[in-house]
Amino acid sequence: MNITVYLGANEGNDPTLREAVAELGTWIGSSGNRLIYGGSKCGLMGVLAENVIKAGGEAIGVEPQFFIDEELQYDELTELIVTKDMPERKAKMIELGDAFIAFPGGTGTLEEISEIMAMVSLGHLDAPCILYNLDGYYDSLKAFMNKMIEKGLSTVERQKGITFASTLDEIREILS
Ligand code: AMP
């Protein structure tokens, strides 16, 4: 399975993030799945790719040209797909993914996973959409999603394919 992971281009200030992303990468790399991600060597993105490769797996980066110009790409990737801009990159990452995970990240991660949530909700994408709610990172998003339902602006049915998982074991369970 191709697993597209969106996550922070920064490392954050909580060592748990690094540990958990390394664990996620090791699992993807050792389980016969393939990582699709943004292609950079920086922050949590780099730690993820490094651990997939270290575990003997394949990591495919999808990086827009302007990040390559800044030499942000991770050089040891199985494959680096260069796109002309961000919209092309996002489309490619969706096209390649069989499942989508948002690890904790910033606005970039939120933007990317929001597109997946909207597509799943509209029935335009039939794939697991998982928010990795490590230490409650996405609790406020979860509450917001419930608020949408409460106010009649979304439905349980529309949010059916979107799940919040607190642990890697839960993610493995969802994808099994
Ligand atoms: P953020 O969550 O704001 O750190 O942004 C990370 C997400 O946005 C990743 O999933 C990337 O696809 C994209 N992104 C933002 N900044 C970078 C970067 N320096 N290199 C590669 N991708 C980035």
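We use all heavy atoms of the structure for the numbers below, so side chains are in, but hydrogens, waters and symmetry mates are not. As the structure lists them, so they are numbered: ligands from 1, and atoms in each ligand from 1.
For ligand 1, the atoms lying closer than 4.0 Å to a non-hydrogen atom of Gly8 are 2 (O), 4 (O). Residue contact check: Gly105 has heavy atoms under 4.0 Å from atoms 2 (O) of ligand 1. In the vicinity of Leu7, heavy-atom distances shorter than 4.0 Å reach the ligand 1 atoms 6 (C), 7 (C), 9 (C), 10 (O).
Distance from atom 20 (N) of ligand 1 to its nearest protein heavy atom, with residue and atom name: Ser40 OG, 2.5 Å. Protein heavy atom nearest atom 19 (N) of ligand 1, with residue, atom name and distance: Leu72 CD1, 3.5 Å. Scanning the protein heavy atoms around atom 7 (C) of ligand 1, the nearest turns out to be Glu112 OE1, 3.2 Å. Given atom 13 (C) of ligand 1, the protein heavy atom at minimum distance is Arg89 NH1, 3.3 Å. When only non-hydrogen protein atoms are considered, atom 23 (C) of ligand 1 lies nearest to Phe67 CE1, 3.6 Å. Atom 4 (O) of ligand 1 has Ala9 N, 2.8 Å as its closest protein atom, hydrogens excluded (heavy atom only).
Here the side chain of Ser154 pairs no donor or acceptor atom with the backbone of Ile149 at under 3.5 angstrom. Panel note: side chain Lys41, backbone Glu71; a donor-acceptor pair is recorded below 3.5 Å.
Nearest heavy-atom pair across Tyr132 and Leu168 is OH-N, 3.5 Å.
Screening Leu35, Asn33, Asp98 for a side chain to side chain contact (heavy atoms under 4.5 Å, CB included) with Asn2, the sole residue that qualifies is Asp98.
Taking distance alone, with nitrogen or oxygen atoms compared against 3.5 Å, Tyr6 stays at or beyond that limit from ligand 1. Residue Gly106 has at least one nitrogen or oxygen atom sitting less than 3.5 Å from a nitrogen or oxygen atom of ligand 1, judged on distance alone. Checked by distance only, ligand 1 and Gly108 come closer than 3.5 Å through their nitrogen or oxygen atoms.
Within the structure, ligand 1 has Met45 among the residues with a heavy atom less than 4.0 angstrom away. Heavy atoms of Glu70 come nearer than 4.0 angstrom to ligand 1 in no pair at all. Residue contacts with ligand 1 do not include Met93, since none of its heavy atoms lies under 4.0 Å from the ligand.
Using a cut-off of 4.0 Å between Lys/Arg side-chain N and Asp/Glu carboxylate O, Glu112 and Lys90 are scored as not salt-bridged.
The shortest distance between side-chain heavy atoms of Arg89 and Lys84 does not fall below 4.5 Å. Here the side chains of Ile53 and Leu77 are in contact, with some heavy-atom distance below 4.5 Å. Within the 4.5 Å cutoff, the side chain of Cys42 has no heavy atoms near those of the Asn10 side chain.
Within a 6.0 Å radius of CG in Asp169, more than 12 heavy atoms belonging to other residues, nucleotides or ligands are found. No more than 12 heavy atoms of other residues, nucleotides or ligands shown are found within 6.0 angstrom of CZ on Phe144.
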